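First the structure, in the form of structure tokens, and then the observations on it.
Since the structure is predicted, the reported quantities are computational estimates derived from the model, not experimental observations.
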Amino acid sequence: MFAVIPARLWRKGAYPIQIFVLCLTTLGSFTAIFLAAKFIGHKQIAQLDFFDYITGITIGSIAAEMATELEQPWKPLTAILIYAAVTFLLSVVTNKFPRTRRYLYGSPTILMDQGKLYRENLKKAKLDLEEFLVMCRQQGYFDLTSIQTAIFEFNGRLTILPVSTQRPVTPSDMELSPEQELLFTELIMDGRILESNLKHMGLDLTWLDKQLKQRGIHSAQDVFLAVCDKNQRLVIYKNDHNRRHTN
């Protein structure tokens, strides 16, 4: 598509400067939509609600128009900024006045509770029975009798509370106290030592070199990945992907 536009301009006798302006407006639209998305936040990407959906498809259309607008590119750019500002303003309003969220985004709807399906709530959520069953199966619930409560959230997702006899067993149910797992930090990635992470963990190159030699590894270049937790538990994956060392 991008190759067709310059060709048409050239056939119409457009000057090379127009092709240059086209490149600039395309880069400008990309930059504008990137900054708008950063301004709105990651929610726009990860979890769409009603207004995020409207903003997303609209900004995308405007950005495409801006990329080929040679005469007045500032118009679609202004529209992008306005849409981003409105979305941000709605976010501020709903955070400051939580009650407005119910009117702007809707509220959760109980579709099933204690073995009873609510037909009217299904209609309110604009779901038919087959769609509800599909959503249940997608979460691993093929038997409705294993569901205590099913709630249709305002973002279009289904939240399920299983009956107590069907939920997974937890260590507390078995009166166990397992050791808390800790987050791992990457120390070596693809043969490259991440000195900033090493320093953040309170370790140094001498410690790392000693740990590698204890495992028969002579160089960090032989390591595909090495991670370590706060208890200095080091896990090493060698480059051959076949062996792993853990202390």
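Heavy atoms from other residues, nucleotides or ligands lying under 6.0 Å from CD of Gln221 number 12 at most. Sparse packing is recorded around CE of Met189, with 12 or fewer heavy atoms of other residues, nucleotides or ligands lying under 6.0 Å away. Annotation for Arg137: atom CZ counts as buried by contact number, over 12 foreign heavy atoms lying within 6.0 Å.
Taking CG from Leu158 and CD1 from Ile151, the interatomic distance works out to 9.0 Å, rounded to the nearest 0.5 Å. To the nearest 0.5 Å, atoms CG (Asp204) and CH2 (Trp207) are separated by 9.0 Å. Atom NZ of Lys116 and atom CG of Asn121 lie 10.0 Å apart (nearest 0.5 Å). A distance of 10.5 Å separates CD in Glu186 from CE in Met201, rounded to the nearest 0.5 Å. With rounding to the nearest 0.5 angstrom, the CG atom of Leu212 is 12.5 Å from the NZ atom of Lys210.
If you chain together hydrophobic residues whose side chains sit under 4.5 Å apart, Leu122 and Tyr141 fall into the same group. Clustering ILVMFWY residues whenever any of their side-chain heavy atoms sit less than 4.5 angstrom apart, transitively, puts Val163 in a cluster other than the one holding Met112. No chain of hydrophobic side-chain contacts below 4.5 Å, direct or via other Ile, Leu, Val, Met, Phe, Trp or Tyr residues, connects Phe152 to Val134. Under the 4.5 Å side-chain heavy-atom criterion for Ile, Leu, Val, Met, Phe, Trp and Tyr, Leu144 and Phe142 are members of distinct hydrophobic clusters. Ile110 is not connected to Met135 by any chain of hydrophobic side-chain contacts under 4.5 Å among Ile, Leu, Val, Met, Phe, Trp and Tyr, and they are in different clusters.
Considering only heavy atoms from C-beta on, Thr185 stays 4.5 Å or farther from Val227 through its side chain. Contact of the Asp190 side chain with the Leu225 side chain is not registered, since no non-hydrogen atoms from C-beta on lie closer than 4.5 Å. The side-chain heavy atoms of Cys136 and Ile160, taken from C-beta on, include a pair separated by under 4.5 Å. Taking the side chain as every heavy atom from C-beta outward, Lys213 and Asp209 approach each other to under 4.5 Å. The shortest side-chain heavy-atom distance between Arg233 and Cys228 does not fall under the 4.5 Å cut-off. Residues Lys123 and Glu120 form a side-chain contact, since some pair of their non-hydrogen atoms from C-beta on lies under 4.5 Å apart. Between Ile217 and Lys238 there is a side-chain heavy-atom pair separated by less than 4.5 Å. Contact of the Phe132 side chain with the Leu111 side chain is registered, since non-hydrogen atoms from C-beta on lie closer than 4.5 Å.
No donor-acceptor distance shorter than 3.5 angstrom exists from the side chain of Asn197 to the backbone of Leu187, with no hydrogens or angles considered. Checking side-chain atoms of Asp128 against main-chain N and O of Glu130 turns up a donor-acceptor pair under 3.5 Å. Remark: the backbone N or O of Gln211 is paired with a side-chain donor or acceptor of Arg215 at under 3.5 angstrom. Side-chain atoms of Gln148 never come within 3.5 Å of backbone atoms of Ser164 as a donor-acceptor pair (strictly under, hydrogens ignored).
With no hydrogens or angles considered, a side-chain donor-acceptor pair links Asp113 and Thr149 at under 3.5 Å.
Contact record, Ile193 with Ala220: CG1-CB, 3.7 Å, taken as the closest heavy-atom pair. Of all the heavy atoms in Phe184 and Asp229, the pair that sits closest is CD2-N, 3.7 Å.
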